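Below is one structure, written out as structure tokens, with a few remarks after it.
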Amino acid sequence: MSTETASRHFIRDIVDEHNRTGRFGGKVITRFPPEPNGFLHIGHAKSICLNFGLAADYGGVCHLRMDDTNPTKEEQKYIDAIHTDVKWLGFDWGPHEYYASDYFEQLYEWAITLIEKGLAYVDDQNAEQIRQTRGTLTRPGTESPYRNRSVEENLGLFQRMRAGEFGNGEKVLRAKIDMASPNVNLRDPVMYRILHAPHPHTGDKWCIYPMYDYAHGQSDSIEGITHSICTLEFEDHRPLYDWFCDALEIHHPQQIEFARLNLTYTVMSKRKLLTLVKDNHVADWSDPRMPTISGMRRRGYTPAALRNFCARIGMTKFNSTTEFALLEHCVREDLNKVASRRMAVLDPLRVVITNYPEDQTETMSAVNNPEDESAGRREVPFSKVVYIERDDFMEDPPRKFFRLAPGKEVRLRYAYWITCTDVIKDDAGNIVELHATYDPATRGGESPPPDSAGNVRKVKGTIHWVSAEHALDAEVRLYDHLFTKENPDEVEEGQDFTAHLNPDSLKIVTGAKLEPSLADFEPGDPIQFERIGYFTPDIDSTKDTPIFNRSITLKDTWAKMQKKQ
RNA sequence: AGGGGAUUGGUGUAACGGUAGCACGACUGACUCUGGAUCAGUUAGUAAAGGUUCGAAUCCUUUAUCCCCUGCCA
């Protein structure tokens, strides 16, 4: 568990400083504030681990808050998915589930306060006019002709906005700050817009909705948040965040910004992920190739692996890109500890053991997890005909090939040592079957007793197998990176990020042969197919056709050696 | 001179004026009934230039490069 303990980082330094000076009375209250407009991804996991982790470490609490201020993009199904994913990741918000929309009434009243203070006004300009008068990055904006309406007029208009007297876009409420500010966010930002749209949580109660800048900080304030942690792009918004809290004279949390996670071979924005879903480049948000939490869950990644990954990537303000290999390392590290070992043959080649009695079946005792003795052992049926992996045989093997070849001896894991005697081919010259003999003295895979001179026969290779008579047929889905380029956004003129989608990101294998006990697992259960990789049953599995997703391959130094040549 | 932020091995990070460390990756080797795991080792870095200091990744100045900001998105 110590690996999951985050190391020191700048946010902890800030919190420590606050605690030292007593700014928040030693309290730490954080929040994870997703907008329910898409599924959570691994980048959100970084934020979730940070916010919940910080609260836990400092004896505080972390709230889950739906940042639901834009009903045109938000849906209940996303809210449900957020619940599932945060829980699955291992975090508990207890009673602290909130919705920005719960605060709409308070936000409205505070807007009136600002109008009364002369700090907000109703603007009749349309979106285009507001854009035109905002100025540019290098030139100041110009003030709206409606900027100096009386408090009474503003109050009346704002009340009528709420009452639904105006159409979408006819009027907005703006904060009166500074049209000449070098920070564009301070040039009279829009606080409320009119949106005649039903809201997943408030139904048709409202037709005016607060903008992020006006809703977020105020929601933080209402909840007594001490540290409002967000990503770098909000750095420019902090002065506005502070302005609202100061103007309203309400509890004032500290906004802190950190760099969002980037991963090689991956896109992370919800907009792009939505595109992948909508354009059917993937099956849905929880497609195992997606960097979503639900996709990774379906793929067989574990919560512990994701949490550990989040602890390892660090926390800085530097815009970096983490190698996918680090995530894979964390996944293998956890899966190695917890996965049940089983035997499965993906590309079967029949082997007939010619000197093994017809009709005989034995059961062989196999270790369930060499990393965890408490996982115990199981019995695996063995008989005259077995399947081995086609890759584990070569008719004309190179020097360092330790597997089966004509005249060569190899160990069938937990069973017997066999020697290949014949290669059977079809008319086209394809290998269809192997004949072999076994050595009864090697039962269980053990070395045979020493000969009269005291020499012990050795065997270098051990391969996996499945008894043909007892095998389960299955479909196996093999996944690879969704993109072929480390940075999918690096594209030629006129292309977009879909230009480098990997056509081989999903390979479906049918007719895989499984050890019978593989029928006993549920989606999410971590399994290692020995010598191949980590797998978990897919939710599409049926009694007749079990389906397994490959979570990740085992490291394969043999494949690496081959590749180099 | 628009504003804001950033820059340490291939990658991600630590070092808070005092020995540049850790992890991932890559590469060796040992061990192994998984060519897995494990173990041992190798590799490679403070963006640049000035300055302050006994001493600078850290402080100052200048430069370079990168990211964000002109939604009635968040």
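A, B, ... follow the sequence lines: proteins, then strands. Residue 1 opens every chain. All values below were derived from every heavy atom in this structure, side-chain atoms included, with hydrogens, water molecules and symmetry-related copies excluded. What you see is a predicted model, and the numbers here were worked out from it, not measured in a lab.
Rounded to whole Å, the separation between the C1' atoms of B:rC39 and B:rG5 comes to 44 Å. On the P atoms, B:rA23 is 15 Å away from B:rA14, given to the nearest whole Å. Separation of the C1' atoms belonging to B:rA49 and B:rC72 is 48 Å when rounded to the nearest angstrom. A distance of about 15 Å separates the P atoms of B:rG51 and B:rA57, rounded to the whole Å. Distance noted for atom C1' between B:rU32 and B:rU38: 9 Å (whole Å). For the P atom pair drawn from B:rA47 and B:rA6, the interatomic distance equals 14 Å after rounding to whole Å. To the nearest whole angstrom, the two C1' atoms, one in B:rC31 and one in B:rG36, are 13 Å apart. Distance noted for atom P between B:rA44 and B:rU61: 35 Å (whole Å).
For the pair A:Asn262 CG and B:rG12 P, the computed distance is 10 Å after rounding to whole Å. Here B:rG25 presents its C1' atom at 11 Å from CD of A:Glu486, a figure rounded to the nearest Å. Taking atom NE2 on A:His329 and atom P on B:rC22, their separation rounds to 15 Å, with Å as the unit. Remark: C1' of B:rG5 and CD of A:Glu257 are 9 Å apart, rounded to the nearest angstrom. Atom CE in A:Met179 sits about 15 Å away from atom C1' in B:rG3, given to the nearest Å. Residue A:Met315 contributes atom CE, which lies 16 Å from atom P of B:rA6 at whole-angstrom precision.
Stacking is not found between A:Tyr212 and the pyrimidine-like six-membered ring of the B:rA74 base under the 5.5 Å centre-distance and 30° plane-angle cut-offs. Judged by ring centres under 5.5 Å apart and planes tilted less than 30 degrees, A:Phe318 fails to stack against the six-membered base ring of B:rA6.
The side chain of A:Lys460 has B:rU32 as its nearest neighbour among B:rC72, B:rU32, B:rG36. Between B:rA74, B:rA37, B:rC24, one nucleotide has an atom nearer to the side chain of A:Glu371 than all others, and that is B:rA37. Which of B:rC72, B:rG36, B:rA14 sits closest to the side chain of A:Asn126 comes down to B:rC72. Considering only the side chain of A:Asn336, B:rG36 comes nearest among B:rU11, B:rG35, B:rG36.
A:Leu514 approaches A:Ala344 most closely through the heavy-atom pair CD2-CB, 3.6 Å. Shown here for A:Arg531 and A:His464, the closest heavy-atom pair between the two residues is NE-ND1, 3.3 Å.
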Given Watson-Crick and G-U pairs under 3.5 Å, RNA chain B in dot-bracket ([ ] crossing, | other strand) is .((((((..((((....[..))))((((((.......))))))...(((((..]....))))))))))).....
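Proximity of the aromatic rings of A:Tyr241 and A:His216 is defined here by a centroid distance below 6.0 angstrom, and this criterion is not met. Taking the centre of each ring, A:Tyr212 and A:Phe234 come in below the 6.0 Å mark. Under the 6.0 Å cut-off for aromatic ring centres, A:Tyr214 and A:Phe244 qualify, their centroids lying closer than that. Ring-centre distance between A:Phe10 and A:Phe258: not below the 6.0 Å cut-off. Checked against the 6.0 Å centroid criterion, the rings of A:Phe402 and A:Trp558 do not qualify as a close aromatic pair.
Neither OP1 nor OP2 of B:rU34 sits under 4.0 Å from any side-chain N or O of A:Lys555. Proximity of A:Ser181 to the phosphate of B:rG3: no side-chain N or O atom is located under 4.0 Å from OP1 or OP2. Contact between the side-chain N/O atoms of A:Lys317 and the OP1/OP2 oxygens of B:rU7 is not found at any separation under 4.0 Å. Between A:Thr316 and B:rG12 there is no side-chain N or O to OP1 or OP2 distance below 4.0 Å. Residue A:Ser320 places at least one side-chain N or O under 4.0 Å from the OP1 or OP2 atom of B:rU13. Note on A:Lys337: every side-chain N or O is 4.0 Å or more away from OP1 and OP2 of B:rG36.
Side-chain atoms of A:Asn168 and A:Arg193 form no donor-acceptor pair, as typed in the model, at a separation below 3.5 Å. Side-chain polar atoms of A:Ser517 and A:Arg342 form a donor-acceptor pair below 3.5 angstrom.
A:His44 and A:Phe32 have perpendicular rings, their planes meeting at more than 60° on a 0 to 90° scale where under 30° would count as parallel.
For A:Arg312 and B:rG12, a side-chain-to-base donor-acceptor distance below 3.5 Å is absent, hydrogens and geometry of angles not being considered.
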request  = Using the side chain to side chain donor-acceptor pair (under 3.5 Å) rule, take A:Glu223 and A:His63 through it: C-alpha gap first, then chi angles, then the decisive distance, then the call.
outcome  = CA-CA 9 Å; A:Glu223 292 177 20; A:His63 300 178; 2.7 Å; yes
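At a threshold of 4.0 angstrom between heavy atoms, the contacts of A:Val172 include nucleobase atoms, whether or not backbone atoms are also involved. Note on A:Lys560: only backbone sugar-phosphate atoms sit closer than 4.0 angstrom, heavy atoms only; bases stay farther off. Heavy atoms of A:Tyr192 sit nowhere under 4.0 angstrom from any nucleic acid atom.
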Scoring nucleotides 64-71 of chain B by protein non-hydrogen atoms under 4.0 Å (B base, S sugar-phosphate only, - none) yields ---SBBBS
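Anti is the glycosidic conformation of B:rG51, whose angle departs from 0 by more than 90°.
Judged by closest nucleotide on RNA chain B, A:Leu412 is the one of A:Leu412 and A:Arg193 placed further toward the 5' end. Nearest-nucleotide mapping onto RNA chain B: of A:Leu326 and A:Ile194, the residue sitting toward the 5' end is A:Leu326.
The ring-ring contact (aromatic ring centres under 6.0 Å, His included) test applied to A:Phe548 returns A:Phe529, not counting sequence neighbours.
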